[in-house]
Amino acid sequence: MPARKPGDRSGVIPSPNIWHWPHLYEAENRAQDVDGALFEAIRSAADWASKTVVDVGCGSGFHLPIFAADAERVVGVEPHEPLVELARARVADLSNVAVETGRADALPVVDGSVDLVHARTAYFFGPGCGPGIVDAMRVLAPGGTLVVVDLDATASPYGDWMRSDLPHYDPAAVEAFFAAQGFDLTRVDTRWSFPNRRVLSDVLGIEFGPRVARRAMTAVDGTAFDVRYRLHVRHKPSGIELRRAGG
Ligand SMILES: C[S@@+](CC[C@H](N)C(=O)[O-])C[C@H]1O[C@@H](n2cnc3c(N)ncnc32)[C@H](O)[C@@H]1O
């Protein structure tokens with residue numbers, strides 16, 4: 001394998017939350033975006049009905065059945081083998097879904113065969129993820145779309161907790177990176193809602209260190225709070241653009 005350049009994030013990035021506590025991450029996924037604002041925003045960027053979708057870094061496959069409900073074909077790609085197994089078990093009864101072991105910079109998918117590449121809370125898509133973007137563009141058909149969904153650390157309250165927990169994380173640098181790569185940015189406001197404060201506390205405990213998790217728990221009155229996301233969208237050109245002189 002060729003040596004990677006400094007800052008190259010194309011390798012597998014450890015995800016302690018879902019790697020170590022997949023059952024709590026499942027509870028977190030169930031609590032996230034309970035009003036469906038993210039899927040609505042993704043659908044207006046690139047409707048996947050009757051199309052082919054690749055979910056990169058699909059984890060235990062939580063979003064695969066949602067895409068599969070009206071996509072023609074869905075492929076989940078995940079490097080962490082225990083999660084590949086969980087995702088395969090989840091979609092065992094869905095004939096239009098496959099789960100492959102793989103990673104963002106070497107997708108196990110043929111060129112030009114995909115309409116939507118989706119990557120959600122995928123730490124491997126951030127500054128330095130050029131090889132992953134190049135590979136997404138390779139697998140997309142002309143006119144296809146890459147959508148990177150991530151948490152917006154600039155919005156309260158969740159973003160405040162993120163920045164306290166990750167003082168070196170620079171939201172402006174992340175946004176500048178995507179803008180320079182030709183992505184459009186949409187901010188999407190969502191609500192996370194938990195069945196009770198015990199589950200809320202457990203989930204905050206896998207996302208943040210103990211001090212920030214305690215502070216967040218105190219700040220939440222009840223079992224729900226707002227979380228803003230960033231949606232970075234890049235379309236693959238659909239063909240040669242003909243421009244008329246003076247047009
Ligand atoms: C925070 S989890 C999100 C999982 C899933 N997208 C979800 O929302 O439920 C991030 C996932 O990215 C995977 N991952 C890490 N590095 C990767 C890479 N280079 N290519 C593809 N996936 C990667 C991790 O194994 C983990 O499953």
Side-chain angles (χ1 to χ4, degrees), residues 1-2 4-5 7-34 36-39 41-42 48 53-68 74-91 97-109 114 116-139 146-153 158 161-162 165-166 169 174 188 190 192 203-208 227 229-232:
M1 187 185 291
R4 291 208 297 271
K5 294 192 196 120
D8 178 350
R9 296 185 55 177
S10 57
V12 175
I13 309 284
S15 304
N17 49 13
I18 192 169
W19 284 15
H20 299 157
W21 298 282
H23 59 294
L24 289 179
Y25 202 81
E26 183 78 10
E28 177 170 344
N29 257 329
R30 279 199 294 265
Q32 288 188 11
D33 186 22
V34 284
L38 275 172
F39 273 113
I42 297 168
W48 61 87
V53 178
V54 168
D55 187 10
V56 189
C58 70
S60 60
F62 187 86
H63 302 108
L64 300 177
I66 301 171
F67 285 118
V74 180
V75 181
V77 176
E78 168 58 43
H80 190 61
E81 209 54 56
L83 292 176
V84 171
E85 283 168 26
L86 286 178
R88 283 194 178 136
R90 188 195 296 274
V91 299
V97 188
V99 179
E100 307 289 350
T101 304
R103 56 186 231 197
D105 62 327
L107 295 169
V109 178
V114 176
L116 170 62
V117 174
H118 166 264
R120 187 174 303 206
T121 49
Y123 315 123
F124 49 91
F125 270 120
C129 72
I133 295 174
V134 169
D135 214 45
M137 290 296 143
R138 173 186 68 78
V139 304
L146 167 59
V147 177
V148 178
V149 182
D150 215 343
L151 294 155
D152 185 340
Y158 199 87
W161 305 331
M162 275 180 79
D165 205 53
L166 301 168
Y169 181 76
V174 174
V188 181
T190 75
W192 289 18
V203 166
L204 292 173
I206 65 167
E207 288 303 337
F208 304 117
V227 179
Y229 286 80
R230 293 178 276 113
L231 212 72
H232 298 281

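Both ligands and their constituent atoms are indexed starting at 1 by order of listing.
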Discussion item. Out of Gly76, Gly59, Ser15, Cys129, who is nearest to atom 26 (C) of ligand 1 when you count heavy atoms only?
Written reply: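 The nearest heavy atom belongs to Ser15.
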Discussion item. Heavy atom to atom 21 (C) of ligand 1, shortest distance: which of Pro82, Ala104, Ala122, Gly132 holds it?
Written reply: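 Residue with the shortest heavy-atom distance to the ligand atom: Ala104.
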Worksheet entry | Tyr229 and Trp192 aromatic ring geometry - parallel, tilted or perpendicular at 30°/60° bounds |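 Trp192 vs Tyr229 ring planes: tilted.
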Worksheet item: Does the side chain of Ile206 come within less than 4.5 Å of His20's, by heavy atoms?
Response: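 A side-chain contact is absent here, since even the closest heavy-atom pair is not under 4.5 Å.
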Worksheet item: Are the side chains of Glu26 and Leu86 in touch, meaning some heavy atoms are under 4.5 Å apart?
Response: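 Of all side-chain heavy-atom pairs linking Leu86 with Glu26, none is under 4.5 Å.
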Worksheet item: So which heavy atom on Gly59 is nearest to which on Ala87, and how close?
Response: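 Smallest interatomic distance, heavy atoms only, reads O-CB, 3.7 Å.
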Please determine if [X] has a nitrogen or oxygen closer than 3.5 Å to a nitrogen or oxygen of ligand 1.
X: Asn29; answer: yes
X: Val56; answer: no
X: Ile18; answer: no
X: Arg120; answer: yes
X: Ile13; answer: yes
X: Trp19; answer: yes
X: Glu78; answer: yes

Discussion item. Asp152: which residues meet the salt bridge (charged side-chain N to carboxylate O under 4.0 Å, His left out) condition with it, sequence neighbours left out?
Written reply: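 Partners of Asp152 under the salt bridge (charged side-chain N to carboxylate O under 4.0 Å, His left out) test: Arg187.
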Worksheet item: How about Phe208 and Tyr158: are their ring centroids closer than 6.0 Å?
Response: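 Centroid separation for Phe208 and Tyr158: below 6.0 Å.
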Worksheet entry | Min heavy-atom dist Gly11 to ligand 1 below 4.0 Å |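 True for this residue.
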Discussion item. Side chain to side chain contact (heavy atoms under 4.5 Å, CB included) for Arg90 and Val99? Distances and angles first, verdict last.
Written reply: CA-CA 10 Å; Arg90 188 195 296 274; Val99 179; over 6 Å; no
